[in-house]
Protein chains: 2
Amino acid sequence: MSLTLSPPQSIKVCVVEDDSVIRDGFALLINGTHGFRVMNTYHCCEDALKNLEHDDPDVVLMDIELPGMNGIEGIGKIKKLKPKTNIIVITVYENDDLVFKALCAGAGGYLTKNMPPLRLLEAIQEIQGGGAPMSTNVARMVVQSFQKNRNSPLTSRETEVLELLSKGKSYSTIADELFVDKETIRTHIKNIYWKLEVHSKAEAIEKATKERLI
Amino acid sequence: MSLTLSPPQSIKVCVVEDDSVIRDGFALLINGTHGFRVMNTYHCCEDALKNLEHDDPDVVLMDIELPGMNGIEGIGKIKKLKPKTNIIVITVYENDDLVFKALCAGAGGYLTKNMPPLRLLEAIQEIQGGGAPMSTNVARMVVQSFQKNRNSPLTSRETEVLELLSKGKSYSTIADELFVDKETIRTHIKNIYWKLEVHSKAEAIEKATKERLI
DNA sequence: TTTAAAATCCCCCATACCGAGTTATTCAGG
DNA sequence: CCTGAATAACTCGGTATGGGGGATTTTAAA
């Protein structure tokens, strides 16, 4: 019989959240549920990082706006120290910029604070089971990020050329890959520049990326 | 009092699925639930496209492997004709390639056929409510696609340079943006090429993208 | 504190690339 | 039949790129 305080199948959780009411609420909910155990709670990333090795959490619930280091930075540092830790962002902010920064930094889930409490427990299980818990809006943002603008001013050939250009290929290489003359590619690119109202490769790629033409 | 066959708040659904058992199962489930209505079911995209204007569905449930046009192509054509239609892919295949192709083509959700039946109804409501229903594995794939390789051989400065290079910027532009000399950028790029064992910009970007270094 | 890695800068060279301007042919779809 | 799309050709001047060499300074790790 094991003498540890929690059974081995318990999911070890840390909470990083500056609002003590929310922090304690989460801790209470999680600790009060069989199969979960809160190792520690913190009001800032700095403290959480100090004890990360000792706490050895499976899942970290992470706020974004925090005193000192913000949550995005914190995610990066936790992932660097312990790459297998699963991090779920829990915040009130749901704007594109923050969502993508958090995911790029290594977050494996993204929820908003107005979720029903039981959703939190589901999410922790979901991320441990190989999923990626997301709020409705975040899921949509993420999926939409794959989709192109359907009102592109570019023809399909022009889009094709611009895509290859954005991969760093030269006019000659593109010409070879598309089995046409280099001059044809030059003409396509001139037309692309004219349509996008730009005067260089970098501007074209920037504009096309921003408007999701490629 | 309205004389239409379904109340205005009913979600109009079409099913495209070549297995008649599954197709009829879905239709029965959806039509048997208040607030949902199946407009039509099809065994191939071609037929679904012919009646798309008439059916005017809010949501299309789309299989991938189909006789004739495959589901990915079908998604693109439906979105072209009626961009506001929400499409949920329902398939047995969950590999990266198919998932990303489907999302790029315009799918707004992606589920597997082994889901519990009620999940289908939830998913239809979810996508109509601005969400993006995904199976556990698909959600994880999608989130992981934002994350970089944490074992990059490149230094942070080199990564920064390669990122700007991949945006189509020239050595001089990169130098200006990073407030260093062009010669410094050239050295960084030489080191990047050496580390990645490549000999050109395009190769470097290709390799870095594949290994998620940028 | 010694060392190694990272970041910075400089030179040469030859080729290929790029942006701008202009014109023109072929072909498919409405 | 006419427009848009894709294709191709020409010139011109300047820039970018890849490869070679060497050097210094700053930072981080051992």
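On a predicted model such as this, the values are computed, not experimentally measured, just so you know. By convention in this document, chain letters (A, B, ...) are assigned in the order of the sequence lines, proteins followed by strands, and residues within each chain are numbered from 1.
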Would B/S166 and B/E163 satisfy side chain to side chain donor-acceptor pair (under 3.5 Å), going step by step from the backbone distance to the final call?
CA-CA 5 Å; B/S166 80; B/E163 247 154 25; over 6 Å; no

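- A straight line from NZ of A/K201 to C1' of C/dC18 spans 8 Å, rounded to a whole angstrom.
- Checking side-chain atoms of B/K79 against main-chain N and O of B/T85 turns up a donor-acceptor pair under 3.5 Å.
- Atom NE2 of A/H199 and atom C1' of D/dG14 are 17 Å apart (whole Å).
- For the contact set between residues 150-159 of chain A and DNA chain D, defined by any heavy atom under 4.0 Å, the members are A/T155, A/S156, A/R157.
- A straight line from CG of A/D176 to C1' of C/dA16 spans 13 Å, rounded to a whole angstrom.
- Under the 3.5 Å distance criterion, the side-chain polar atoms of B/R37 are left unmatched by any main-chain donor or acceptor of B/V13.
- One atom, CD1 of B/I174, and another, C1' of D/dG18, lie 14 Å apart when rounded to the nearest Å.
- Remark: A/R186, A/K190, A/Y193 in residues 185-196 of chain A come within less than 4.0 Å of DNA chain C through at least one heavy atom.
- Environment of NZ in B/K169: crowded, with over 12 heavy atoms of neighbouring residues, nucleotides or ligands closer than 6.0 Å.
- Looking at B/T159, its side chain does come within 3.5 Å of a backbone N or O of B/T155 through a donor-acceptor pair.
- Candidate nucleotides C/dC9, C/dG19, D/dA16 were compared by shortest atom distance to the side chain of B/E183, and C/dC9 ranks first.
- Counting to the nearest Å, the P atom of C/dA7 and the CG atom of B/L162 are 13 Å from each other.
- In this structure, A/K190 places its NZ atom where more than 12 heavy-atom neighbours from other residues, nucleotides or ligands lie under 6.0 Å away.
- The listed nucleotides are D/dG18, D/dA9, C/dC9; the one nearest the side chain of B/S200 is D/dG18.
- Proximity of a side-chain donor or acceptor of A/K12 to a complementary backbone N or O of A/D56 within less than 3.5 Å is detected.
- Residue contacts for A/T184: at a heavy-atom cut-off of 4.0 Å it reaches a base atom on one of the strands shown.
- Contacts classified as salt bridge (charged side-chain N to carboxylate O under 4.0 Å, His left out) and involving residues 129-143 of chain B (residues at least two apart or in different chains) are not found.
- Going from atom CG of B/D181 over to atom P of D/dG22 covers 20 Å, rounded to whole Å.
- More than 12 heavy atoms of other residues, nucleotides or ligands sit less than 6.0 Å from atom CZ of A/F146.
- Computed from coordinates, the A/Y171 OH to D/dT7 P distance equals 16 Å when rounded to whole Å.
- If you measure from atom NZ of A/K169 to atom P of C/dC18, you get 13 Å, rounded to the nearest angstrom.
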